[in-house]
Each structure stands twice: as structure tokens, then as C-alpha cells.
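If you read the sequence from its start, that first residue is 1, and numbering goes on from there. Keep in mind the model is a prediction, meaning the values are calculated, not measured. Note that these values count all heavy atoms, side chains included, but never hydrogens, waters or copies made by symmetry.
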Amino acid sequence: MTSVLILLAMPAETTKQYSSRLRATFPQLTIHLVDHHSKVGPYIASADILMTFGPMINDQVVRQAANLKWIQALGTGVDNLVDLPSLSRDVIVTNVQGIHGAPMSEAAIMAMLALGRDFPRTVRNQDRHLWERWPARLLDGKKLGILGIGAIAEGLAPKCKAFGMTVVGISSVKRTVAGFDRVYGRDELLAAVPDLDYLVALTPYSRATHHVVDASIFSAMKPSSYFINLARGGVVDEGALINALESGQIAGAALDVFNDEPLPQDHPFWSMKNVIVTAHLGGFYDGYADRALPVVEENIRRFLAGDTENMINVVKR
């Protein structure tokens, strides 16, 4: 009998959506569910299929997976998976694409609004019962730079135009894209940032984008500008970002992804008043499982039928 291990560090009501639906749809499968990579021990050696999000797994898991044939990533990013030293090249890796545009766009807009209105200060004042007023920084008339132009960025750009923003993109391929006022090549990032009010990182993580946002980028940005990272922690040099925030090179940051996740409790970001920390929530929303599971279910059908060449969203490694 084919064995499936679902590794999801999420609330129980969320993980149950996946396990319950898959058990009902595929009663012939043996399905186990764990909420942390430290708990895979009793199940991983016999697992044919592993379902998880990249940041929830480590190399020890795949090292123990002697029978593993396929990993279904439940998100888009797979850098945390395909870079694992012990992952055999014979293991199929698939992901879920095309369902993150709306939640990620809203997360980016929420971050810009929260930074421009200093919303964390509002929450702190509410906790203190303190009445205090200050002017907001509007999005209207501001300039946004989006690092990484894919489906998410193409959905975000017109929404930001509706706020009255000028939108420029920075992409590995310089091209004309609907909704963008201008597109720079990634090698032009340093030239693109000096007049930006917001820089939003959405680019996939790779060797080419490792620390692409570094000290030179922050030193070129306006002191009134903000940085938002919804991509991967490795896209930004976190040490350089801390220096830029502490020295006033930039006004603030909203960070949803980090080099180390969960973010260590003693990390400086937690206590910086000009930083908004969210726990990798950008693409996570109430309808996520309903959007992701049809892809997963179809891939299971094709896997069980031996039609692995036609599985959906196979990652080229």
C-alpha cells in the first residue's frame, strides 16, 4: 500500500483539511500526519510520498526517507527542498503555483499601508491606552519597485496603480509588462532604487539572487523609504538590513521571511520599532487548502497510475 506522510507545522484545523480530504478521496492510501520534522521517525522510512512546505523540512528527514519517490511541495518555493544534500535526484518534486497572487498582493499592500501609517505604533498605544495622533504617509503619489516579476507581481502592480502609485519592476529579463511604468534589469537594481518609496521583494531565491539586496542597495535608498520582503530570507543580507534600519538609511521594513525560520526569539528584528515581523503568512489564507488540493489530488492520481511524466508542476532540478 502506498504510504503518504503529511508534514505540516500549522494549526490543527488547517492540517485536518488536507488529511481528511485525502483520506476520503484516496482510501487505498496509508496517510500519516505530523506537525514537526522531529516527529517523522515512525513514518518516514516507509513513506512513498511526502507533502510539506519547504521551510518545514530539513535534510535529516530526507536522509531517513529510504523509500521516498515524490515530494509534493504545498507552496511555490522549493529552494528549501531541492537544495537538501541528501535528496536523491530520482525523487520527483512538484509544487503548487498560481494560487498566491491575491494573498501575496494583499500582504504587500497591507505592509505598505501599515508602514506608511505606522500601524504598529497604533497597536502599542492601544495596549498602553495612549491617545496620540500623527500624519499618515499616503500611497497615492508614491513610487513602488517590485523585485521579481512573475504572476504575483503582475497581480500586484495594477492594484498599486489603483492607489495612485508609480510602479517599476526589476527582473532577470528586461521586458515590457502590463501594469508597470518601467522595467529594469536585475543588474540595474542599484540604479532603480534611489527614488523608490517602497521596495518589495518577490523574486525566487537562487544563487543569482542570494543577498541581491545588500548594503549597497540600502545605502542608495532614500531615508524615507521602506523595504518589504515576501520572497525568501536569503534574498536580503539581514546584517546589512539591521544596520540600515538602525542607522536611518531607510525608514522601516516589513518582513515575512527570514534566513532562519522560525525567527529566533533573540533576533534583533523582534524588538525594532521600525520593523513589522510576520510569521511567513504572506501566501497563507483561509481558502488555501481548497485551492491547493485539486493540484495535489490530480498528481496523486497520475502518480498511482504511473504517469509521472505528466504530473503537474514538476520542478526541473
Side-chain angles (χ1 to χ4, degrees), residues 1-10 12-101 103 150-151 204-206 283-285 287-317:
M1 183 176 286
T2 301
S3 177
V4 180
L5 176 59
I6 303 174
L7 168 56
L8 288 178
M10 289 180 166
E13 61 270 21
T14 300
T15 59
K16 188 176 180 181
Q17 286 181 280
Y18 291 91
S19 59
S20 297
R21 180 160 156 178
L22 291 177
R23 284 176 177 138
T25 306
F26 301 99
Q28 72 272 40
L29 298 180
T30 299
I31 298 177
H32 299 288
L33 173 66
V34 297
D35 61 5
H36 194 267
H37 60 74
S38 64
K39 301 178 181 179
V40 302
Y43 317 110
I44 189 62
S46 61
D48 299 281
I49 303 168
L50 175 63
M51 297 182 186
T52 189
F53 287 91
M56 298 178 185
I57 195 173
N58 63 15
D59 192 61
Q60 185 176 356
V61 173
V62 295
R63 196 182 311 132
Q64 299 175 71
N67 199 47
L68 189 63
K69 301 175 182 65
W70 164 37
I71 297 178
Q72 172 67 64
L74 296 172
T76 298
V78 293
D79 48 282
N80 312 76
L81 292 172
V82 298
D83 293 340
L84 294 173
S86 300
L87 182 63
S88 169
R89 296 196 67 83
D90 294 331
V91 174
I92 301 165
V93 178
T94 56
N95 65 0
V96 175
Q97 299 179 4
I99 67 172
H100 303 88
Y205 179 68
S206 66
F284 187 33
Y285 61 104
Y288 192 94
D290 290 333
R291 297 288 302 278
L293 277 168
V295 174
V296 175
E297 290 165 340
E298 184 57 30
N299 271 343
I300 291 175
R301 292 186 186 97
R302 296 182 188 188
F303 177 84
L304 294 176
D307 188 19
T308 56
E309 291 186 0
N310 290 309
M311 291 173 70
I312 302 168
N313 297 335
V314 176
V315 176
K316 295 180 181 179
R317 297 167 58 194

Work out which heavy atom in [X] is nearest to a heavy atom in [Y]; give both atom names and the distance.
X     : Y     : result
Leu5  : Tyr43 : CD1-CB, 4.0 Å
Val62 : Ser86 : CG2-CB, 3.8 Å
Val4  : Met51 : CG1-CE, 4.0 Å
Ser3  : His32 : OG-CD2, 4.2 Å
Ser19 : Ile6  : CA-CD1, 4.0 Å
Ala12 : Thr15 : O-OG1, 3.0 Å

| task | Kindly assign one of parallel, tilted or perpendicular to the pair Tyr288 and Phe53, based on the angle between their ring planes and the thresholds 30° and 60°. | result | tilted

| query | Do Val34 and His36 come within less than 4.5 Å of each other through their side chains, counting heavy atoms only? | reply |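 Side chain of Val34 against side chain of His36, heavy atoms only: no contact under 4.5 Å found.
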
| query | Side chains of Arg21 and Asp290: closer than 4.5 Å at any heavy-atom pair? | reply | yes

Nearest 0.5 Å, what's the [atom1]-[atom2] distance between [X] and [Y]?
X      : Y     : atom1 : atom2 : result
Phe26  : Ile31 : CZ    : CD1   : 8.5 Å
Asn58  : Leu84 : CG    : CG    : 7.5 Å
Leu7   : His37 : CG    : NE2   : 8.0 Å
Phe284 : Thr14 : CZ    : OG1   : 4.0 Å
Met10  : Leu33 : CE    : CG    : 11.5 Å
Ile57  : Leu50 : CD1   : CG    : 4.5 Å

| Are Arg301 and Asp307 close enough, and set up right, to give a side-chain contact (heavy atoms from CB on, under 4.5 Å), and what steps lead you there? | CA-CA 8 Å; Arg301 292 186 186 97; Asp307 188 19; over 6 Å; no

| query | Given the rule in the side-chain contact (heavy atoms from CB on, under 4.5 Å) test, do Val40 and Gln60 qualify, once you have shown the distances and angles that lead to the verdict? | reply | CA-CA 10 Å; Val40 302; Gln60 185 176 356; over 6 Å; no

| request: Just do the side-chain contact (heavy atoms from CB on, under 4.5 Å) check on Leu22 and Ile300 with the steps written out, would you? | output: CA-CA 10 Å; Leu22 291 177; Ile300 291 175; 3.9 Å; yes

| Reference residue Ile71; test side chain to side chain contact (heavy atoms under 4.5 Å, CB included); the match among Asn95, Leu87, Ile92, Val315 | Leu87

For the pair [X] (side chain) and [Y] (backbone), establish whether a donor and an acceptor sit closer than 3.5 Å, ignoring hydrogens and angles.
X      : Y      : answer
Arg317 : Val82  : no
Asp48  : Lys69  : no
Arg302 : Asn310 : yes

| CD/Glu309: more than 12 non-hydrogen atoms of other groups inside 6.0 Å | no

| task | Could you verify whether a donor N or O on one side chain and an acceptor N or O on the other, from Asn67 and Ser46, lie under 3.5 Å apart? | result | no

| Do Gln97 and Thr76 meet the criterion of a side-chain donor-acceptor pair at a distance under 3.5 Å? |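 Side-chain D/A pair, Gln97 to Thr76: absent.
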
| query | Do Thr308 and Trp70 pass the side-chain contact (heavy atoms from CB on, under 4.5 Å) test, and can you show the C-alpha distance, the side-chain angles, and the key distance before you say yes or no? | reply | CA-CA 9 Å; Thr308 56; Trp70 164 37; over 6 Å; no

